[in-house]
Amino acid sequence: MMAGDMPVAEMDRLGAQAAAHPEWCAPMLAVLTEERFSDPDWLFERKFDGERVLVFREADHLRLLTRNRKDVSDTYPELAEALACQPVQDFVADGEVVAFDGKVTSFACLQRRMQIKDAADARASGIHVFFYLFDLLHVSGRNIEGLPLRQRKNLLRKVFRFCDPLRYTQHRNELGKDYFQMACEKGWEGIIAKRADAPYRHGRSRDWLKFKCAKGQELVICGFTPPKGERKGFGALLLGYYEEGILRYAGKVGTGFDDAFLDDFRKRLEKRRRDTSPLDPAPDVAGAIWVRPEFVAEIGFTEWTEHGKLRHPRFLGLRRDKAAEDVVRERPS
DNA sequence: TTCCGACAGTGGGGTCGCAAT
DNA sequence: ATTGCGACCCCACTATCGGAA
């Protein structure tokens, strides 16, 4: 995915800097971390569960681009329109497009909108989206990426007229721990900690950190898929939980293992092979190999999907202190 | 020396569109 | 007509390497 995907004329219209450095529009990305801190040198923003979008405007030419530089101007025509009638004629800004389900941003809602490529279809979809802007990279012909984040956010707030569907991303100073706790209580995905005096850096940087609200539970290992390519041991573990004595499918987990565990645990699984699925109903998983449901795994994830599977699952470890029969789906009260 | 950023590779759920069956 | 697959979104994680700290 290089500049070659985009016509030269298109690149030119995105500005001289884009033409000179095709990667320059890669968004700044946060690093996931386990520490939670309060610090006067940092500010803290809500973490949105949506689609990352950068907007480039030069007079009449306006483009909305995703993280992978896909043009989504026709997917979000109402956002393009709102940005096109801003008094400031020339800017590059960064933000997140979100859809709401009640008070919480819903990626599932947004997904139905995200795929639409025709502006008229998008407007008719009935799925309302908002664009939470949180950074300003260029304004009026000036590259301001080197300015401290606080100054960029100040300029962003002053230069734009914010009214729906455009929203300024508020932040809280210093009190990261408090804000994080509040975020989790409200059911948000987490918060982003940003070093307040840091410049905008393209790509991943520790000047931005993700504090994600922990979600996890034990699940029963019911089988596995074979490894692909250079992968050792197994591909993914097939997980389940008990519901009134019946083992229900909860999806797969395929990350969080190192090579030694992949090799070693495959051997232990082999000793427990059985021909039929312990899950009821048996999920349709290509190449699945079933085992007696004896192992319990601790799994971290972001949420249960509408289809009853884990979203963003990762393996955290085996649990020896919990009987498989005691594993049930934990539901928020 | 240690740490960090960048890359490649493997894995997840979900949606859509198109090609193969 | 159905199925499978890749291309997109959202991700987590491991392994490796080279250069910065």
Side-chain angles (χ1 to χ4, degrees), chain A residues 1-2 5 23 26-34 47-54 64-72 74-76 96-99 101 105-118 121-122 125 127 129 189-190 192 198 201-210 212-216 219 221 223-239 249-266 283-288 297-317:
Chain A
M1 183 59 208
M2 287 296 115
D5 291 339
E23 284 76 33
M28 184 160 174
L29 300 172
V31 173
L32 182 61
T33 180
E34 293 306 317
K47 182 180 190 309
F48 296 104
D49 191 13
E51 181 171 28
R52 186 73 175 274
V53 167
L54 280 84
L64 296 169
L65 298 183
T66 70
R67 215 162 92 153
N68 296 316
R69 291 178 217 104
K70 295 294 165 212
D71 191 323
V72 287
D74 291 333
T75 300
Y76 305 116
E96 184 105 352
V97 175
V98 302
D101 181 12
T105 59
S106 166
F107 188 73
C109 276
L110 184 66
Q111 256 184 313
R112 288 188 284 275
R113 173 70 187 268
M114 220 159 52
Q115 312 291 341
I116 302 171
K117 292 185 175 67
D118 177 82
D121 292 349
S125 69
I127 301 166
V129 295
E189 210 187 328
I192 304 287
R201 292 203 43 205
H202 299 279
R204 216 163 282 281
S205 164
R206 282 187 152 72
D207 290 337
W208 287 11
L209 299 172
K210 256 184 281 192
K212 291 189 78 168
C213 300
K215 271 194 189 129
L219 289 158
I221 298 171
F224 61 97
T225 59
K228 287 181 184 164
E230 304 301 307
R231 177 81 159 197
K232 296 176 179 355
F234 59 88
L237 300 175
L238 309 176
L239 304 169
Y249 185 51
K252 296 181 271 194
V253 61
T255 193
F257 325 106
D258 60 23
D259 287 358
F261 183 87
L262 286 166
D263 272 335
D264 177 65
F265 197 59
R266 169 70 189 250
D284 181 21
V285 177
E298 179 73 21
I299 304 296
F301 59 99
T302 50
E303 62 184 352
W304 290 93
T305 70
E306 290 168 340
H307 304 87
K309 292 181 185 172
L310 305 168
R311 182 166 173 230
H312 303 157
R314 64 268 188 198
F315 177 80
L316 300 177

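Residue numbers start from 1 in every chain, and the chains themselves are labelled A, B, ... in the order their sequence lines are given, proteins ahead of strands. Just so it is clear, the values below take in all heavy atoms, side chains as well, and ignore hydrogens, waters and symmetry mates.
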Quick one: which of B/dG12, C/dC10, C/dA12 gets closest to the side chain of A/Pro313? B/dG12
Of the listed nucleotides C/dC13, B/dG5, B/dT15, the one nearest the side chain of A/Leu32: C/dC13
Do the non-hydrogen side-chain atoms of A/Phe48 and A/Glu189 ever get within less than 4.5 Å of each other? no
Would you classify A/Arg112 as touching base, sugar-phosphate or nothing, given that sugar-phosphate means primed atoms plus P, OP1 and OP2, and contacts are heavy atoms under 4.0 Å? nothing
With a 4.0 Å limit, can you tell me whether A/Lys117 has a side-chain N or O closer than that to the phosphate oxygens OP1/OP2 of B/dG17? no
Residues, nucleotides or ligands: over 12 heavy atoms within 6.0 Å of A/Asp258 CG: yes
Tell me what A/Lys47 touches on the nucleic acid: a base, only sugar-phosphate, or nothing, going by heavy atoms under 4.0 Å. sugar-phosphate
Just call it for A/Leu310: base, sugar-phosphate, or nothing, with non-hydrogen atoms closer than 4.0 Å on any strand. sugar-phosphate
Could you tell me whether A/Glu51 contacts a base, only the sugar-phosphate backbone, or nothing, with contacts defined as non-hydrogen atoms closer than 4.0 Å? sugar-phosphate
Among the nucleotides C/dC9, B/dT15, C/dC10, which one has an atom lying closest to any side-chain atom of A/Lys70? C/dC9
Need one value for A/Gly50: base, sugar-phosphate or nothing, where a base atom within 4.0 Å counts as base even if backbone is also close, heavy atoms only. sugar-phosphate
Using the C1' atoms of five pairs at each end, what's the angle between the two axes of the helix from B/dA8-C/dT14 to B/dT21-C/dA1, to 10 degrees? 40°
Using a heavy-atom cut-off of under 4.0 Å over every strand shown, decide if A/Thr302 touches base, sugar-phosphate, or nothing. nothing
Out of C/dC10, B/dG14, B/dA6, whichever nucleotide has its closest atom nearest the side chain of A/Arg204: B/dA6
Taking any heavy-atom pair under 4.0 Å as a contact, classify A/Gln111: base, sugar-phosphate, or nothing. base
The side chain of A/Thr255 lies closest to which of these nucleotides: C/dC13, B/dG12, B/dG14? C/dC13
Shortest side-chain distance from A/Lys228, nucleotide among B/dG13, B/dC16, B/dG11: B/dG11
On DNA chain B, nearest-nucleotide positions of A/Lys309 versus A/Gly229: which is more 5'? A/Gly229
Please tell me if the side chains of A/Thr302 and A/Lys212 come closer than 4.5 Å, counting only heavy atoms from C-beta onward. yes
For the side chain of A/Arg314, counting heavy atoms from C-beta on, which of B/dG5, C/dC13, C/dC11 is nearest? C/dC13
Of all the choices, B/dC4, B/dT10, C/dC9, which nucleotide is nearest to the side chain of A/Arg231 once you look at every atom? B/dT10
Which nucleotide in the set B/dC16, B/dT10, C/dA12 lies at the smallest distance from any side-chain heavy atom of A/Gln115? B/dC16
So if I take every side-chain heavy atom of A/Phe107 and compare against C/dC11, C/dC9, B/dG12, which nucleotide ends up nearest? C/dC9
So which protein nitrogen or oxygen atoms get under 3.5 Å of nucleotides 15-19 of chain C's nitrogens or oxygens?
from	atom 1	to	atom 2	distance (Å)
C/dA15	OP1	A/Asp259	N	2.9

With a cut-off of less than 4.0 Å, is there a side-chain N or O of A/His307 near OP1 or OP2 of B/dG14? yes
